[in-house]
There are 2 protein chains.
Amino acid sequence: MTRYIPNFTAFGALASQDCASCPIRHRAVCAKCDGAEMDHLADMKSYRSWEAGETIALEGDVLPFVGSVVQGCATLTRSLEDGRVQMVGLLMPSDFVGRPGRTVAPYEVTAVTDLTLCMFDRERFETLLNEAPHLASRLVEMSLDELDAARDWMLLLGRKTARERVATLLALVLRRAPTDANPLRADLPLGREAMASYLGLTIETVSRQITALRRDGVIRLDGGGRTVLCDDFAALLTAAGDDEDGIMPS
Amino acid sequence: MTRYIPNFTAFGALASQDCASCPIRHRAVCAKCDGAEMDHLADMKSYRSWEAGETIALEGDVLPFVGSVVQGCATLTRSLEDGRVQMVGLLMPSDFVGRPGRTVAPYEVTAVTDLTLCMFDRERFETLLNEAPHLASRLVEMSLDELDAARDWMLLLGRKTARERVATLLALVLRRAPTDANPLRADLPLGREAMASYLGLTIETVSRQITALRRDGVIRLDGGGRTVLCDDFAALLTAAGDDEDGIMPS
DNA sequence: GCCGCGCATTGATCAAGATCAAAAAACGCT
DNA sequence: AGCGTTTTTTGATCTTGATCAATGCGCGGC
């Protein structure tokens, strides 16, 4: 039974196969393939880094690569002509980036922390995809998980209250945090503005709801509001309006 | 250059390859494969119909098949414990249903009109996927298109006004309508309740916004509010807050 | 035609969150 | 440490869409 984490990081499911850094992960992708194909993958890789705040691609840019996050954190955003912005995805380590079969990025990709990507030339990756059925069918599953996560977020954006939205995001970040110790603790990769953008709210509302959750003893803050602590994760999930515990049968 | 329709129907992209009914479409999927595989597909198919209003699967149900819509219209919905419901997808003819690699349906699937599906046994389809790389890599692209559509909808749910949401949905329905004649005309497959569910609004708000769009001369109604007419599609797109015309480079 | 039911529209009021505005922390820099 | 910048918090008010409550309309049955 594997832990199902309902967010935009389903591509990271690969990382559950004993590999945290990029090269090992891509080896895991091809676990069912023979050694030759693994070498082929290793051969195609390159790395690149961006600083916090840098734009990786604008809406409509040609993206010549696919790849995955090695370190750091990036956001995907879509916007309206008049400047309204909605974040549609949050990329964390081990998440997949890019679109085999499509040249153009349909949303803006921005590094929110210093970021390193492991990249493959898109066309060569597509060729590989056509030759390695296990890789392709794994990628289908991953895309569909990603789709489920997007649809979960639609439920949040369409029906949840401000408090539930904020609690949901905090729970998501805490779940993905490296430490499992009690109390749960995680550094927020996103500032208030990015959180608001992700949640379909304004900065002020996010701030007020965080204050309210703190007042109610559901969470504590540290490090100048950049670190969340949680003693009672069940209470946080209740505040998120969604007390399923994220365990799913395969 | 193909028309990019930003909704949940990206799976229908297959239908652009000269095939409207299900068997032909699946043949198109395997256009690059050899004839034997096409026959294999034909062999595995079965059909089933549901009446308007019937539930096809509940959240958490085991879905033993994958397939596609031959005729009619279905909705995907996700809900919170307290009864709040959000529609997360609208399935129209030629759209794909189901999740290779996953047994459980993560949302409720309901027929909104009389509906016929063309189905494949899920496990046999997965086997096929592992054997036919072109099919798998095509399915990756389709899933990613579907993901883009879901993320477009996140922008709508997170940032658009009630008027923009309603206009967006009407534009979407008109775009998918069979007739291209002027004035544009389409029967609404969804009642006000389903529209509200899709748009993250209430029935009353949807009704008021439709009235307002009618008052402003952007649309007309017919057939007791079940048919939309539109003389000025550009005006509708403007009201949708998103006047890109849906043309996308491949 | 007339009745009854479900669906859609319209109206009055309310409340959650947005907006406008200011104060308070946190952080980087010299 | 001191200063300026940026981010976060807090406060007051306004607006959009939700809620509560009728009313209207279309359609099928007899």
Side-chain angles (χ1 to χ4, degrees), chain A residues 51-53 75 80 82-86 112-114 156-170 187-216 219-228 239 241, chain B residues 51-53 75 80 82-86 112-113 156-170 173 187-216 219-228 239 241:
Chain A
E51 283 178 27
T75 61
L80 260 12
D82 64 3
R84 281 172 287 175
V85 178
Q86 175 66 42
V112 280
T113 63
D114 290 350
L156 176 145
L157 293 172
R159 301 294 169 193
K160 283 191 175 179
T161 64
R163 165 180 257 248
E164 289 168 335
R165 294 183 200 204
V166 170
T168 303
L169 180 56
L170 295 179
D187 289 325
L188 291 172
L190 305 177
R192 297 292 180 269
E193 182 166 9
M195 289 177 74
S197 172
Y198 203 14
L199 297 173
L201 299 170
T202 59
I203 298 179
E204 295 94 326
T205 300
V206 171
S207 180
R208 275 185 250 271
Q209 295 304 330
I210 288 180
T211 303
L213 287 169
R214 194 153 46 130
R215 178 175 28 72
D216 298 346
I219 54 162
R220 283 178 293 141
L221 291 188
D222 201 0
R226 293 305 191 84
T227 300
V228 217
Chain B
E51 282 177 29
T75 62
L80 260 11
D82 64 2
R84 282 173 286 175
V85 178
Q86 176 66 42
V112 281
T113 63
L156 175 145
L157 293 172
R159 300 295 167 192
K160 285 191 175 178
T161 64
R163 166 180 255 249
E164 289 168 336
R165 295 183 199 203
V166 170
T168 303
L169 179 56
L170 295 178
V173 170
D187 289 325
L188 292 173
L190 304 177
R192 296 293 180 269
E193 182 165 9
M195 291 178 72
S197 172
Y198 203 15
L199 297 172
L201 299 170
T202 58
I203 298 180
E204 295 94 323
T205 299
V206 170
S207 180
R208 275 185 250 272
Q209 295 304 330
I210 287 179
T211 302
L213 288 168
R214 193 153 49 128
R215 179 176 26 74
D216 299 346
I219 56 161
R220 285 178 291 141
L221 289 189
D222 201 0
R226 292 305 192 87
T227 300
V228 217

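Numbers restart at 1 for each chain; the letters A, B, ... are given by sequence-line order, proteins then strands. Excluded from the calculations below are hydrogen atoms, water molecules and symmetry mates; all remaining heavy atoms, backbone and side chain alike, are included.
- In this structure, R226(B) reaches the sugar-phosphate backbone alone: every heavy-atom distance under 4.0 Å involves primed, P, OP1 or OP2 atoms, never a base.
- Between T227(A) and L188(A) the shortest side-chain heavy-atom distance does not fall below 4.5 Å.
- Here the closest non-hydrogen pair linking L157(A) and Y198(A) is CD2-O, 3.9 Å.
- Looking at R84(B), its side chain does come within 3.5 Å of a backbone N or O of R159(A) through a donor-acceptor pair.
- Taking atom CG of D82(A) as the reference point, atom P of dT19(C) lies 11 Å away to the nearest angstrom.
- Among the atoms of the strands shown, only primed sugar atoms or phosphate atoms (P, OP1, OP2) are found under 4.0 Å from some heavy atom of T211(A).
- One can find a donor-acceptor pair under 3.5 Å joining the base of dT19(D) and the side-chain atoms of R208(B).
- V112(A) meets the side chain to side chain contact (heavy atoms under 4.5 Å, CB included) test with C73(A), T75(A), L190(A); sequence neighbours excluded.
- OP1 or OP2 of dA18(C) has at least one side-chain nitrogen or oxygen of T202(A) nearer than 4.0 Å.
- Residue-to-nucleotide proximity on DNA chain C shows that, of L201(A) and L221(B), the 5′-proximal contact is made by L221(B).
- Below the 3.5 angstrom threshold, one finds no donor paired with an acceptor across the side chain of R163(B) and the base of dG17(D).
- To the nearest angstrom, P of dT9(D) lies 9 Å from CE of M195(A).
- Of all heavy-atom pairs spanning I210(A) and M195(A), the tightest one is CD1-CE, 4.0 Å.
- Distances from the side chain of R192(A) to the nucleotides dA18(C), dT9(D), dG17(D) place dT9(D) closest.
- Look at CD on E193(A): it is 15 Å from C1' on dA18(C), rounded to the nearest Å.
- Residue S207(A) places at least one side-chain N or O closer than 4.0 Å to OP1 or OP2 of dT9(D).
- The nearest whole Å value for the distance from the CZ atom in R159(A) to the C1' atom in dA16(C) is 15 Å.
- Look at CD on Q209(A): it is 6 Å from P on dG17(C), rounded to the nearest Å.
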Output one line per pair: protein atom, nucleotide atom from nucleotides 22-25 of chain D, and distance, for all N/O pairs under 3.5 Å.
none

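- Within the structure, no pair that satisfies the salt bridge (charged side-chain N to carboxylate O under 4.0 Å, His left out) test touches residues 187-200 of chain B, not counting sequence neighbours.
- Taking atom CZ of residue R214(A) and atom P of nucleotide dT9(D), one finds them 7 Å apart after rounding to whole Å.
- Screening residues 197-216 of chain B for salt bridge (charged side-chain N to carboxylate O under 4.0 Å, His left out), with sequence neighbours left out, gives R163(B)-D216(B).
- Between the P atom of dG17(D) and the NZ atom of K160(A) lies a distance of 22 Å, rounded to the nearest Å.
- Over its full length, the helix from dG1(C)-dC30(D) to dT30(C)-dA1(D) turns its helical axis through 40°, comparing axes from the five pairs at each end and rounding to 10°.
- Scored by the side chain to side chain donor-acceptor pair (under 3.5 Å) test, T161(A) finds E164(A) as partners (sequence neighbours excluded).
- Atom CD in E204(A) sits roughly 14 Å away from atom C1' in dA23(C) (whole-Å rounding).
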